[in-house]
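Treat the numbers as computed from the prediction; the structure is a model and nothing was measured.
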Amino acid sequence: MTRLMDNSRHNKHHFLNIDTKIMAVREKQSVVIDSHCHFDFAPFSEDPTQAWAQAQQAGVKALVIPTVGSSNWQTVASLCQQFTGLYYGLGIHPFFSHQHSVNVVAELACQLTQAKDDERCVAVGECGLDFAVADVNQDQQLQWLQAQLQFANEYDLPVILHCRKAFPELLKLLRQHPPKMGGVYHGFSGSYQQATQLIDLGIKIGIGGTITYSRAQKTRATIAKLPLSTLLLETDAPDMPIFGYQGQPNRPERLVDIVTTLADIRGDTYAQIAQATTLTCTELFQIKV
């Protein structure tokens with residue numbers, strides 16, 4: 001009898017372990033969306049079919065690919081026609097100011113007009129302000145951003161925002177030209193006050209690899225307090241490497257590591273994070289998964 005009871009306890013414990021493992025696998029199978037991935041850059045451009053297959057195997061259901069300027073507008077649009085689940089934005093990235101022609105705003109207007117019936121074109125961006133760039137022309141960047149905010153409203157598209165060393169200026173422009181379709185502040189690493197100021201303007205908060213570093217205490221504390229419905233997931237691949245992969249190109253499949261970290265920080269489950277952020281992303285960009 002004692003042996004039977006011991007075996008019963010052992011079997012019960014064994015089945016509990018199996019159930020826990022099955023549950024973990026099911027959670028990891030929850031689909032996620034990478035809201036910011038430069039999938040046209042190397043190393044993905046070398047074999048996009050294989051790169052996208054790897055991401056899908058990890059549970060990444062869709063990618064939003066921001067463009068940086070006329071140099072890759074057509075490349076990204078064509079790429080998104082080749083693969084189901086890839087979407088894009090059209091924008092003038094401030095970091096690449098030296099690459100843009102004097103007519104870049106007019107060129108973007110033409111490109112947006114051509115793409116207005118393309119359901120894969122889901123945003124204006126990547127756009128914003130980058131005052132950390134050497135020899136930056138701040139007035140020019142402000143003019144470009146203002147034009148792109150106006151385009152977003154004209155074409156009923158959300159914006160994908162980039163910002164370095166220019167948050168007050170960005171906030172001022174957003175208040176002057178509020179994007180009626182909302183947007184996302186990509187690669188957020190700021191304060192709770194900054195996050196709430198953006199959220200009040202209808203801007204979602206893009207969460208990436210920064211939170212995987214234990215030193216990012218301010219950002220982690222902020223993210224823990226924000227409503228889950230205001231967050232989007234992103235890798236910024238091949239940039240913004242996550243902890244443990246420093247020195248390597250970032251990849252969209254590593255979004256699962258960001259979700260795991262975010263769940264730990266907030267006390268949510270992987271599935272809760274995946275479901276909420278996927279819903280927010282599909283609503284913002286009007287995409288289907």
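Counting only distance, with no hydrogens or angles, the side chain of Gln148 and the backbone of Trp144 share a donor-acceptor pair below 3.5 Å. A donor-acceptor pair under 3.5 Å is absent between the side-chain atoms of Arg120 and the main chain of Ala77, judged by distance alone. Although no hydrogens or angles enter the test, the distance criterion places no donor-acceptor pair under 3.5 Å between the side chain of Gln141 and the main chain of Asp139. No donor-acceptor distance shorter than 3.5 angstrom exists from the side chain of His100 to the backbone of Pro94, with no hydrogens or angles considered.
The closest side-chain donor-acceptor pair between Glu126 and His36 falls under 3.5 angstrom. Asp130 and His162 share a donor-acceptor pair across their side chains, judged by distance under 3.5 Å alone. Thr235 and Asn250 share no donor-acceptor pair across their side chains, judged by distance under 3.5 Å alone.
Rounding to the nearest 0.5 Å places CD of Gln74 at 12.5 Å from CG of Leu79. Summarising the geometry, atom NZ belonging to Lys218 is positioned 6.5 Å from atom OG belonging to Ser189; distances are rounded to the nearest 0.5 Å. With rounding to the nearest 0.5 angstrom, the SG atom of Cys37 is 13.0 Å from the CG atom of Leu233. One finds the CG atom of Leu90 at 11.0 Å from the OG atom of Ser70 (value rounded to the nearest 0.5 Å). Annotation: the span from Thr277 atom OG1 to Leu228 atom CG amounts to 7.0 Å, rounded to 0.5 Å. Note: Leu142 CG to Leu170 CG = 9.5 Å, rounded to the nearest 0.5 Å.
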Report the C-alpha distance between Phe41 and Asn72 in whole Å, list the side-chain angles of each, state the deciding distance to 0.1 Å, and finish with yes or no for side-chain contact (heavy atoms from CB on, under 4.5 Å). CA-CA 10 Å; Phe41 290 6; Asn72 73 337; 4.2 Å; yes
Apply side-chain contact (heavy atoms from CB on, under 4.5 Å) to Glu107 and Ile92, showing your working. CA-CA 10 Å; Glu107 292 168 357; Ile92 304 167; over 6 Å; no
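Each of Asp257, Leu262, Ile258, Asp264 was scored for a side-chain contact (heavy atoms from CB on, under 4.5 Å) with Thr260, with one residue passing: Asp264.
For the pair Arg254 and Pro241, the minimum side-chain heavy-atom distance is 4.5 Å or more. Side chains of Val64 and Glu234 form no contact here, defined as non-hydrogen atoms less than 4.5 Å apart. A heavy-atom distance below 4.5 Å is not found between the side chains of Phe151 and Leu157. In this structure the side chain of His38 never reaches within 4.5 angstrom of the side chain of Phe44, judged on heavy atoms. Residues Leu231 and Arg266 have side chains in contact (heavy-atom distance under 4.5 Å, counting atoms from C-beta outward). At a threshold of 4.5 Å between non-hydrogen side-chain atoms, the residues Pro66 and Tyr88 do not count as touching. Between Tyr155 and Thr113 there is a side-chain heavy-atom pair separated by less than 4.5 Å. Side-chain atoms of Tyr245 and Arg251, non-hydrogen and from C-beta on, never get closer than 4.5 Å to each other.
Under the 4.5 Å side-chain heavy-atom criterion for Ile, Leu, Val, Met, Phe, Trp and Tyr, Val68 and Met240 are members of distinct hydrophobic clusters. Residues Leu112 and Val76 are members of one and the same hydrophobic cluster, defined by side-chain heavy-atom contacts under 4.5 angstrom among Ile, Leu, Val, Met, Phe, Trp and Tyr. Under the 4.5 Å side-chain contact rule for hydrophobic residues, Trp73 and Ile65 share a cluster. When the side chains of ILVMFWY residues are joined at heavy-atom separations under 4.5 Å, either directly or via intervening members, Val105 and Leu129 end up in a single hydrophobic cluster. Hydrophobic clustering of Ile, Leu, Val, Met, Phe, Trp and Tyr side chains at less than 4.5 Å, counting indirect connections, unites Ile265 with Leu255.
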Identify each donor-acceptor pair in which a side-chain atom of residues 52-61 lies under 3.5 Å from a protein atom, sequence neighbours left out, and give them as a table.
unit_1 : atom_1 : unit_2 : atom_2 : d
Trp52  : NE1    : Thr84  : O      : 3.1
Gln54  : OE1    : Gln50  : NE2    : 3.2
Gln54  : NE2    : Glu253 : OE2    : 3.0

Do any side-chain atoms of residues 193-210 form donor-acceptor pairs under 3.5 angstrom with protein atoms, and if so which ones, sequence neighbours left out?
unit_1 : atom_1 : unit_2 : atom_2 : d
Gln194 : OE1    : Ser191 : N      : 3.0
Thr196 : OG1    : Tyr192 : O      : 3.2
Thr196 : OG1    : Gln193 : O      : 2.9

Could you go through residues 278-289 and list every donor-acceptor pair under 3.5 Å that involves a side-chain atom there, pairing it with any protein atom two or more places apart or in another chain?
unit_1 : atom_1 : unit_2 : atom_2 : d
Thr278 : OG1    : Val31  : O      : 3.1
Thr278 : OG1    : Ala274 : O      : 2.7
Thr280 : OG1    : Ser229 : O      : 3.3
Thr280 : OG1    : Ala276 : O      : 3.0
Thr282 : OG1    : Thr278 : O      : 3.1
Thr282 : OG1    : Leu279 : O      : 2.8
Gln286 : NE2    : Glu283 : O      : 2.7

Tabulate below the donor-acceptor pairs under 3.5 Å that side-chain atoms of residues 172-181 make, not counting sequence neighbours, or state none.
unit_1 : atom_1 : unit_2 : atom_2 : d
Lys180 : NZ     : Asn153 : O      : 3.2
Lys180 : NZ     : Asp156 : OD1    : 3.1

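Relative orientation of the Phe188 and Tyr185 rings is perpendicular, given thresholds of 30° and 60° on the angle between their planes.
Checked against side chain to side chain contact (heavy atoms under 4.5 Å, CB included), Asp135 has no partners two or more places apart in sequence or in another chain. Not a single side chain to side chain contact (heavy atoms under 4.5 Å, CB included) links Ala134 to another residue, sequence neighbours left out.
The environment of CD in Glu119 is sparse: at most 12 heavy-atom neighbours from other residues, nucleotides or ligands sit within 6.0 Å. Other residues, nucleotides and ligands contribute at most 12 non-hydrogen atoms within 6.0 Å of the CZ atom of Phe243. Within a 6.0 Å radius of CZ in Phe131, more than 12 heavy atoms belonging to other residues, nucleotides or ligands are found.
When every heavy atom of Ala42 is checked against every heavy atom of Pro238, the shortest pair comes out as O-CG, 3.4 Å.
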